[in-house]
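So you know, we letter chains A, B, ... as the sequences are listed, proteins then strands, and number each from 1.
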Amino acid sequence: MNMKYTDDHEWARPDGDLLVVGITDFAQQQLGEVVFVELPEVDREVDQGEDTAVVESVKAAGEVKSPVSGTIVEVNETLADTPEKVNEDPTGEGWFYKLRPSDPGQLEALLDQEAYQTLVESLA
Amino acid sequence: MAEHYPLQTTPLHSLHQDHQAKLVQFAGYEMPVHYAPGIIKEHLHTRSKAGLFDVSHMGQIRVVGEDIAAQLENQIPADLVGLAAGRQKYGLLLNPQGGILDDLMVINRGDHFVLIVNAACKHQDLALLKSELGNTLQFEMMENLALIALQGPEAADVLSKSVSQPDQNINRMKFMDVQNLELAGFPCMVSRSGYSGEDGFEISLAAEHAPNLAKAFLDHDSVDLAGLGARDSLRMEAGLCLYGQDLDSETTPIEAGLKWAISPPRRAGGAREGGFPGADIILDQILQGTKRKLVGLLPEGRAPMRTGTQLFDQNSNPVGSITSGGFSPSLGHPISMGYVNTALSAADTLLQAEVRGKLLPVSVTTLPFVSHQYAR
């Protein structure tokens, strides 16, 4: 699984010619119990680093920034009724959206597992 | 307010760390927002069994002097002359415009009084009281005391089992009664009160004994620690105001739905009418009403509507704002409190709230969201 990470604690994983996007286990731990997720509209074009989704815990609201530029093609509708999936399985069933990347080079430039792990340990 | 000095800690700081507390800065103190289980579990545990809260950051002010009750009535609009020894009452400190400077508990201890005040306000409260009443009363911040709250339906049972002396029966205590109890061998001042809407107790004792009393409570299966996060969601469900959010120096008690805190003897025509800061404005508002008032608000969707969210009528005219809001663990959906134009304050009035640039439907409702379970 060739997962890449941002220093803002999103992950992106290739799925055919699409990318699946979510937030990391570290991010969900920091947020606490997720009670609401607002997802982007399908067909929206987003730039790398643009706010695309909102994740709210009991404590606070956080913005999810797109790891790469592209077009949203699918969102995880199940999070509307079961936002707790973001806590339970942040890199699996708790995914946020799939997008068709417009600049394949952006993915390669993101953090790999090792670099992201180093970042998280530096924040602990 | 920026804090430029080191954070203070409470006597239970080590206990918090031992229970994997997530610590945050609050009113100059490093306090637990939640422990390992998280806010929702701590909240639901308090509603179903018993939650243990460290509120030692709050101010405990000892008041001595002559005619304490009558003197305090010069600053606080409650009926304190009529407050019996062993009873406590909710009070307010007010400015000359009738705005709220702090809310507090006033306890009659017989030969002295004790005031329990908000942490963020405690130093200014003490300065105000000394400057206004210092000629006749002496005020002392009791720095060597801890304050812990045991809240929930099992709290009374746990407390009964913790009482050291067999003649001390907590079942005789009613809501807002205060008495001395020896708990787990430690002398305590215990009131039957709290900030969760549940039955429960607030316990003041020497700082040095607080960790051992807390551990004795935690030995009961029904007791778990609960942090400031659960304290906030519990009080919101109970419709209880938080100073600094729902109450401030620009807000009067009548706007805030706290008319009951202006005791009848202090109102127009009462035996000791007025005589507190802002009395003319507040007594007039009791008769004439206010332009805005505090209401409960139910968002129709799942998006929480938090402090500062602006409210609009159906024609998109601004009509107020949300002062507290979040997710209700007991109800499983978001809840908020806020101020709206009185004309739009009736239950079931449909309004709109601006969340991230979008207007979302929200309806006015009565407080509390979850009914109180006090031992009256």
Q) Can you tell me how far the CD atom of Glu84(A) sits from the CD1 atom of Ile40(B), to the nearest 0.5 Å? A) 8.5 Å

Q.
With a strict 4.5 Å heavy-atom criterion, list every residue of residues 96-114 of chain A that contacts chain B, or say none.
A. none

(Q) If we define contacts as heavy-atom pairs under 4.5 Å, which of Ala303(B), Ser328(B), Gly326(B) has the most with chain A? (A) Ala303(B)

Q) Should Arg356(B) and Glu56(A) count as an ion pair when the cut-off is N to O under 4.0 Å? A) yes

Q. If you check every heavy atom in residues 28-46 of chain A against those of chain B, which residues fall under 4.5 Å?
A. Gln30(A), Glu33(A), Val35(A), Phe36(A), Glu38(A)

Q | Nearest heavy atoms of Arg302(B) and Asp81(A), plus distance in Å | A | NH1-O, 3.7 Å

(Q) Can you give me the closest heavy-atom contact between Val58(A) and Arg306(B), atom names plus distance? (A) O-NH1, 3.3 Å

**Q.** Neighbour count >12 (heavy atoms, 6.0 Å) for atom NZ, Lys65(A)
**A.** yes

Q: Sort His34(B) into side chain, backbone, both or neither according to what part of it lies under 4.5 angstrom from a heavy atom of chain A.
A: side chain

